[in-house]
Asks: 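Mind looking over this structure? Questions follow.
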Amino acid sequence: MPNTLKEKVALITGGASGIGRATALAFAREGACVIIADLFSSDGENITQHICNTGGRALFVATDVSKSADVEHLIQQTVTTFGRLDCAFNNAGIFGRSAPLADYTEDDWDQLIGINLKGVWLCMKYEIPHMLKNGGAIVNASSVSGLVGSKSSPLYAASKHGVTGLTRTAALQYAQQNIRVNCVCPGAVHTPMLEHIFSLNPANRDKYVAAAPIGRLARPEEVAEAVVWLCSDASSYITGVALPVDGGWVAQ
C-alpha cells in the first residue's frame with residue numbers, strides 16, 4: 001500500500017481489543033498518529049503505550065460512545081493534541097444477547113442501539129465538522145448482519161443495518177465535500193467478543209466456521225487491513241460502500 005497515511009491523524013473507537021486494536025496497530029505501522037477510544041482504560045492505555053514505545057504517536061481517551069459529552073470530548077482531545085482529524089474508524093460495539101425478537105426488553109434495545117447505532121451517529125456528528133476543513137475518510141463497523149437478516153440476534157442485525165444505512169446516506173451527503181464514508185461488514189472474526197459467544201455455547205464455534213466458505217474464522221488483522229485501505233488514497237474513488245470481509249459468507 002502506498003504510504004499515504006504518514007502523519008495523518010486516525011481515530012479508532014473500541015480500539016483496546018479485537019478488530020479495533022488490530023486497526024490501531026495497522027494505522028501506526030503506516031505512520032499515522034493514532035487516537036484510541038474505549039471504555040476499558042487499562043487495555044487502551046497498554047496498546048497506546050505499545051505504539052509509543054515502538055516509535056509511533058498515540059493517545060488514549062476513555063470514551064462511552066453512547067454519550068454525547070464523551071464523544072465531543074474525544075474529538076476535542078484529538079484536535080487539541082494533533083491539530084486535525086483525517087481518518088476515523090467508528091468501531092465500538094456490542095453483540096448483546098441472542099433471543100427471539102419478542103423476548104427482548106426495552107433496556108436490551110436501548111443499550112444495543114445506543115452503542116452500536118447512536119454511537120456511530122454521534123462519532124460522525126463530531127468528526128465531520130473537523131474533516132470539512134481538510135477532507136477525510138470515515139469507516140464504520142457494520143457486519144454481515146448489516147447486510148442480511150440474523151435469525152438468532154435480531155436486535156444486533158437491526159443496529160448493524162442502521163449503521164449500513166447511515167453510512168450510505170452520509171457518503172451521499174458529503175461526497176462533494178471531500179469526505180468519504182464507507183463501512184466494513186465482517187463475518188465471524190476471532191476476537192474476545194466472539195470467544196465470549198463461544199463460551200456460552202461451544203457448538204457455535206463449528207457453526208461459525210462452517211458458515212464461511214473459506215473454512216475458517218477471520219483474523220482481526222484481516223479486517224484492519226480493509227479499514228486502513230479504505231482510509232488511504234488507494235481507495236480515493238470509493239465511498240458509500242458496505243464491504244464484506246467475510247470469507248464469502250454473504251455470497252451464499
Side-chain angles (χ1 to χ4, degrees), residues 12-27 36-51 60 62-66 89-100 103-104 108 111-117 119-120 139-160 163 183-228 243-250 252:
I12 302 98
T13 68
S17 66
I19 294 169
R21 183 182 189 278
T23 304
L25 291 173
F27 271 117
I36 296 167
D38 207 290
L39 276 175
F40 302 104
S41 295
S42 59
D43 290 341
E45 289 168 355
N46 286 342
I47 186 60
T48 301
Q49 192 61 51
H50 172 76
I51 290 171
F60 173 72
T63 307
D64 180 345
V65 296
S66 70
F89 179 35
N90 299 320
N91 165 69
I94 60 173
F95 189 76
R97 66 188 183 94
S98 296
D103 290 353
Y104 286 104
D108 290 331
Q111 182 190 37
L112 202 145
I113 297 298
I115 295 172
N116 289 8
L117 182 54
V120 169
V139 178
N140 297 321
S142 184
S143 166
V144 291
S145 294
L147 298 174
V148 298
S150 173
K151 186 177 179 180
S152 62
S153 302
L155 294 199
Y156 180 77
S159 73
K160 292 303 185 178
V163 170
C183 62
V184 288
C185 300
V189 185
H190 192 195
T191 62
M193 186 167 73
L194 195 63
E195 281 297 331
H196 175 67
I197 293 171
F198 293 160
S199 72
L200 298 176
N201 184 355
N204 278 332
R205 184 182 300 273
D206 291 340
K207 182 180 78 173
Y208 277 59
V209 170
I214 208 167
R216 63 173 175 81
L217 303 178
R219 301 186 302 275
E221 292 78 11
E222 292 174 304
V223 182
E225 293 300 330
V227 174
V228 170
L243 177 66
V245 186
D246 64 351
W249 189 321
V250 173
Q252 301 175 103

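For clarity, every value in this text was computed on a predicted model and none was experimentally measured.
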Asks: Hey, what do you get for OG (S153) to NZ (K160), rounding to the nearest 0.5 Å?
Replies: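 It comes to 12.0 Å.
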Asks: State, with a plain yes or no, whether a side-chain heavy atom of L25 is found less than 4.5 Å away from one of I47.
Replies: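 Yes. Closest side-chain heavy atoms under 4.5 Å.
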Asks: Using every non-hydrogen atom in the two residues, find where L117 and V163 come nearest and quote the distance to one decimal.
Replies: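 The pair with the smallest heavy-atom distance is CD1-N, 3.6 Å.
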Asks: Tell me the salt bridge (Lys or Arg N to Asp or Glu O under 4.0 Å) pairs involving residues 213-224, sequence neighbours left out?
Replies: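 Listed once each, the pairs are R216-E222, R219-E222.
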Asks: Under the 3.5 angstrom rule, does the side chain of N91 hit a backbone N or O of I12 as a donor-acceptor pair?
Replies: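 Here the side-chain-to-backbone pair does not exist.
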Asks: Has Y156 got a side-chain atom pairing as donor or acceptor with L112's backbone, closer than 3.5 angstrom?
Replies: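 No, the answer is negative, given that no donor and acceptor are paired below the 3.5 Å cut-off.
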Asks: What is the distance from atom OG of S66 to atom CD1 of I113, rounded to the nearest 0.5 Å?
Replies: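 It comes to 12.0 Å.
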Asks: Which heavy atom of G18 sits nearest to which heavy atom of T191, and what is that distance?
Replies: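 Scanning both residues, the minimum pair turns out to be CA-CG2, 4.0 Å.
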Asks: Taking side-chain contact (heavy atoms from CB on, under 4.5 Å) as the criterion, tell me which of T23, T13, N140 meets it with F89.
Replies: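 Of T23, T13, N140, side-chain contact (heavy atoms from CB on, under 4.5 Å) with F89 is met by T23 alone.
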Asks: State whether the side chain of Q111 and the backbone N or O of G96 hold a donor-acceptor pair below 3.5 Å, judged by distance alone.
Replies: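 No: the side chain of Q111 does not pair with the backbone of G96.
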Asks: Measure the spacing between CZ of F95 and OG of S143 and express it to the nearest 0.5 Å.
Replies: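 Result: 8.0 Å between the selected atoms.
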Asks: Rounded to the nearest 0.5 Å, how far apart are OG of S17 and CG of N46?
Replies: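 CG of N46 is found 11.5 Å from OG of S17.
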Asks: Tell me the closest heavy-atom pair linking N116 and V120, and the distance in Å.
Replies: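 Residues N116 and V120, closest heavy atoms: O-CG2, 3.3 Å.
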Asks: Could you check whether the rings of W249 and Y208 sit parallel, tilted or perpendicular, using 30° and 60° as the cut-offs?
Replies: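 Ring orientation of W249 relative to Y208: perpendicular.
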Asks: Should I36 and I51 count as side-chain neighbours, where that means a heavy-atom distance under 4.5 Å?
Replies: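 Yes; the side chains approach each other to less than 4.5 Å.
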Asks: Tell me, do V223 and V184 make a side-chain contact under 4.5 Å, heavy atoms counted?
Replies: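 Yes - at least one pair of side-chain heavy atoms lies under 4.5 Å apart.
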Asks: Nearest 0.5 Å, please: how far is CG in N204 from OG in S98?
Replies: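 The distance works out to 7.5 Å.
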Asks: Give a yes or no on whether the backbone of L39 and the side-chain of D64 come within a donor-acceptor separation of less than 3.5 Å.
Replies: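 Checked: no pair found.
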Asks: What is the distance from atom CE of M193 to atom CD1 of I19, rounded to the nearest 0.5 Å?
Replies: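 CD1 of I19 is found 7.0 Å from CE of M193.
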Asks: Looking at every heavy atom in both D38 and A16, which two are closest together, and how far apart are they?
Replies: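 Closest heavy-atom pair between D38 and A16: OD2-N, 3.0 Å.
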Asks: Can you give me the closest heavy-atom contact between S41 and A62, atom names plus distance?
Replies: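 Nearest pair, atom of S41 first, then A62: OG-CB, 3.8 Å.
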Asks: Heavy-atom distance under 4.5 Å between the side chains of R97 and Y104, does that happen here?
Replies: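 Heavy-atom side-chain distance check passes, below 4.5 Å.
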